[in-house]
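Ligands are counted one by one from 1 in listed order, and the atoms in each one are counted from 1 as well. For this chain, numbers begin at 1 and follow the sequence in order.
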Amino acid sequence: MKRIITYGTFDLLHYGHINLLRRAKQQGDYLIVALSTDEFNLRSKNKVCYFEYEKRKALLEAIRYVDLVIPEENWEQKSEDVVRYHVDTFAIGDDWQGQFDFLKEFCDVVYLPRTPEISTTQIKTELRK
Ligand code: C2G
């Protein structure tokens, strides 16, 4: 069984996220999503989530491509996660191109095409009009 892991906030879940999760799942058989906690978002990603962690987790768990959701609490946990969960491939959107090449020591690393013209920031901006 080929195990894939990806990371993200996935707040205000939209079709760009779904495309990413589908593409990540297509890399193997089992997809783990490390979901940024509210604290990690606030402290390190400068993101204030609309939906709290438990709600974002429930949304992800309802998606057919997702097999397991774990918390992402810091930037440093990835290599540990890859070992602990016996991950074969780390996958993430190509807006992160090259940022996680250090993980090639532990697993394959793939950067997947980001869906253009959709983002949480854009949704929030348009809703304010
Ligand atoms: N994404 C995408 N297309 C979009 C928006 C997002 O493919 N239009 C992808 C991102 O590239 C990422 C995933 O969806 O792979 C989740 O996006 P975010 O929730 O914005 O996550 P991010 O802030 O990139 O967090 O340690 C890594 C970070 O936690 C990644």
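- The single protein non-hydrogen atom nearest to atom 24 (O) of ligand 1 is Trp96 NE1, 2.8 Å, given as residue, atom name and distance.
- Short contacts between ligand 1 and His14, defined as distances under 4.0 Å to a heavy atom of the residue, involve ligand atoms 4 (C), 5 (C), 8 (N).
- The nearest heavy-atom contact from the protein to atom 2 (C) of ligand 1 is Arg114 CG, 3.5 Å.
- Taking both residues in full, the closest heavy atoms of Ile32 and Tyr30 are given as CG1-CE2, 3.6 Å, listed atom of the first, atom of the second, then distance.
- Atoms of ligand 1 lying under 4.0 Å from at least one heavy atom of Trp75, given by number and element, are 26 (O), 27 (C).
- Looking only at heavy atoms of the protein, atom 12 (C) of ligand 1 is closest to Gly93 N, 4.1 Å.
- In this structure, the ring of Phe10 has its center no less than 6.0 angstrom from the ring center of Phe51.
- At least one N or O atom of Lys78, backbone or side chain, sits closer than 3.5 Å to an N or O atom of ligand 1.
- Without hydrogens or angle criteria, Thr6 side chain to Ala91 main chain gives a donor-acceptor distance under 3.5 Å.
- Here the heavy atom of the protein found nearest to atom 9 (C) of ligand 1 is Leu20 CG, 3.8 Å.
- Residue Asp95 touches ligand 1 through its side chain alone, judged by heavy-atom distances below 4.0 Å.
- Considering backbone and side-chain atoms together, Thr9 places an N or O closer than 3.5 Å to an N or O of ligand 1.
- Each of the following atoms of ligand 1 lies closer than 4.0 Å to a heavy atom of Ser36: 29 (O).
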Apply side chain to side chain contact (heavy atoms under 4.5 Å, CB included) to residues Leu68 and Tyr85 and explain how you reach the verdict. CA-CA 11 Å; Leu68 176 67; Tyr85 291 96; 4.0 Å; yes
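- Relative orientation of the His17 and His14 rings is parallel, given thresholds of 30° and 60° on the angle between their planes.
- Contacts between Ile118 and ligand 1, counted as non-hydrogen atom pairs separated by less than 4.0 Å, involve both the backbone and the side chain.
- Across Lys45, His17, Gln122, Glu72, heavy-atom proximity to atom 26 (O) of ligand 1 is greatest for Glu72.
- Phe10 N, 2.8 Å is the protein heavy atom nearest to atom 19 (O) of ligand 1.
- The ring pair (Phe, Tyr, Trp, His ring centres under 6.0 Å) with Phe90 is formed by just one residue from the set Phe106, Phe100, Phe102, Trp96; it is Phe100.
- Every N/O-N/O distance between Tyr7 and ligand 1 stays at or above 3.5 Å.
- Using modelled atom types, one finds a donor on one side chain and an acceptor on the other under 3.5 Å when comparing Asp101 with Tyr111.
- Nearest protein heavy-atom neighbour of atom 20 (O) of ligand 1: Lys47 NZ, 3.2 Å.
- For Lys55, the NZ atom counts as loosely surrounded, since its 6.0 Å shell holds 12 or fewer non-hydrogen atoms of other residues, nucleotides or ligands.
- A cation-pi arrangement is present between Lys78 and Tyr7 under the rule of less than 6.0 angstrom and at most 45 degrees off the ring axis.
- A donor-acceptor pair is defined here as one N or O able to donate and one able to accept, closer than 3.5 Å; no such pair exists between the side chain of Tyr65 and the backbone of Arg23.
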